[in-house]
Protein chains: 2
Amino acid sequence: MSGMGESGKDSATEMSFALHSAARLLRRNFDRRARDHGLSDARWQVLWHLTREQGLKQTALAGRLEMAPISLARLLDKLQGEGLVERRPDPQDRRCFKIYPTDQVQPAMALLGDLAEETRNHALDGFTAAEIGQLQALLGRLRKNLIGEEIECD
Amino acid sequence: MSGMGESGKDSATEMSFALHSAARLLRRNFDRRARDHGLSDARWQVLWHLTREQGLKQTALAGRLEMAPISLARLLDKLQGEGLVERRPDPQDRRCFKIYPTDQVQPAMALLGDLAEETRNHALDGFTAAEIGQLQALLGRLRKNLIGEEIECD
DNA sequence: ATGAAATAATAAGCAGGCTTATAATGAGCG
DNA sequence: CGCTCATTATAAGCCTGCTTATTATTTCAT
């Protein structure tokens, strides 16, 4: 990246734009499908992580999601209000709660999994498995470069 | 993408997650740098497009940015309030305005360009030019697949 | 010419991310 | 013990995106 000319700078600028654009398009596509069911991409990501690691405390879950704990708190407020998650006090540490999905989550996850697959099939039309792996690898390196400066989580 | 097993589904799910995460990390990194100057990623993208194509009307500019016109409107309100852009009425069509950057924009762009370069240098540390091209190509194909369903703009 | 449909900008209100600041609890050290 | 400091969750308020609905204007068919 050192000593690249003007054209290199612009191509990297456009790559940044493409990255934001791709993420937004993907989210929007999924949200359109999920909206009729009262769900969204953000909620799905929370539930997806939560069904894989039950009983996480909020800071740890926020770490998995790479978002600020306070951003998660409001999401959980709503999910709890809809009966999708449960906050159980931790007897070992009265400051924190452990988060669990409720029974209602399983059918919702099945539905959302299908919707997510539709979105991905559409987005990745014409991609080989190798290309998907390549994309993920490149994104992973980019994330790793950036995450160094972020606060580490549990 | 058809007929992929469970592991393929999960890897594609994680790719989606990585995509959102990468975009968010990149934006956050830039915003941290720009905040002290009262600017942000979203504002920079508006100004960047605007200096390249002056006198666009709002719908066309929103199209370039791939965002809804109303989302742009409020951004422009603030940018106009800060004296960075100007809305000039179009004598040919009294419904619309043409948007121009003011003289204040040029120095701001120089500064933001440097900040953007810092962010990119950090994010793309260890990437070859070929890899950046590869990433952009993959993202471009993904976008093209998704944008078909979106409304086309000027 | 005139009335219907399309288009440009906006308003209102929601979603989901952030920073900064606070309250409650836990942990460590004198 | 008691004081300080770190950690957990939350509150308040901003930014930027969205959908849906409204207003003003243009365009076009009749």
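Letters A, B, ... are given to chains in the order of the sequence lines, protein chains preceding strands, and every chain is numbered from 1.
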Per-nucleotide protein contact string for nucleotides 8-16 of chain C (B base, S sugar-phosphate only, - none; heavy atom under 4.0 Å): SSBBB---B

Aromatic ring proximity, centroids under 6.0 angstrom, B/His20 and A/Phe30: no

Interatomic distance where NE2 belongs to B/His20 and C1' belongs to D/dT16 [whole Å]: 15 Å

Rounded interatomic separation in angstrom, taking CZ from A/Arg94 and C1' from D/dT7: 15 Å

Check: residues 75-85 of chain B side-chain donor-acceptor pairs under 3.5 Å, at least two apart:
unit_1  : atom_1 : unit_2  : atom_2 : d
B/Asp77 : OD1    : B/Arg87 : NH1    : 3.2
B/Asp77 : OD1    : B/Arg87 : NH2    : 3.1
B/Gln80 : OE1    : B/Arg87 : NH1    : 2.6
B/Glu82 : OE1    : B/Arg43 : NH2    : 3.1
B/Glu82 : OE2    : B/Arg43 : NH2    : 2.4

Rounded distance in Å - CZ (B/Arg35) to C1' (C/dC18): 8 Å

Pair B/Ser40-B/Arg35, side-chain donor/acceptor within less than 3.5 Å: no

For atom CG of B/Leu79 and atom C1' of D/dT16, their distance in whole Å: 12 Å

Interatomic distance, A/Asp36 CG vs D/dT19 P [rounded to whole Å]: 13 Å

Donor on one side chain, acceptor on other, B/Arg33 and B/Asn29, under 3.5 Å: yes

A/Arg88 to A/Phe97, cation-pi by 6.0 Å centre distance and 45° axis angle: no

Gap between atoms CD and P, on B/Glu82 and D/dC15 respectively (whole Å): 9 Å

Interatomic distance where CG belongs to B/Asp90 and C1' belongs to C/dT7 [whole Å]: 13 Å

Whole angstrom value for the distance that separates P of D/dG17 from CG of B/Leu76: 11 Å

Short side-chain N/O contact from A/Arg28 to OP1 or OP2 of D/dG17, under 4.0 Å: no

Donor + acceptor pair across side chains of A/Glu86, A/Thr102 (<3.5 Å): no

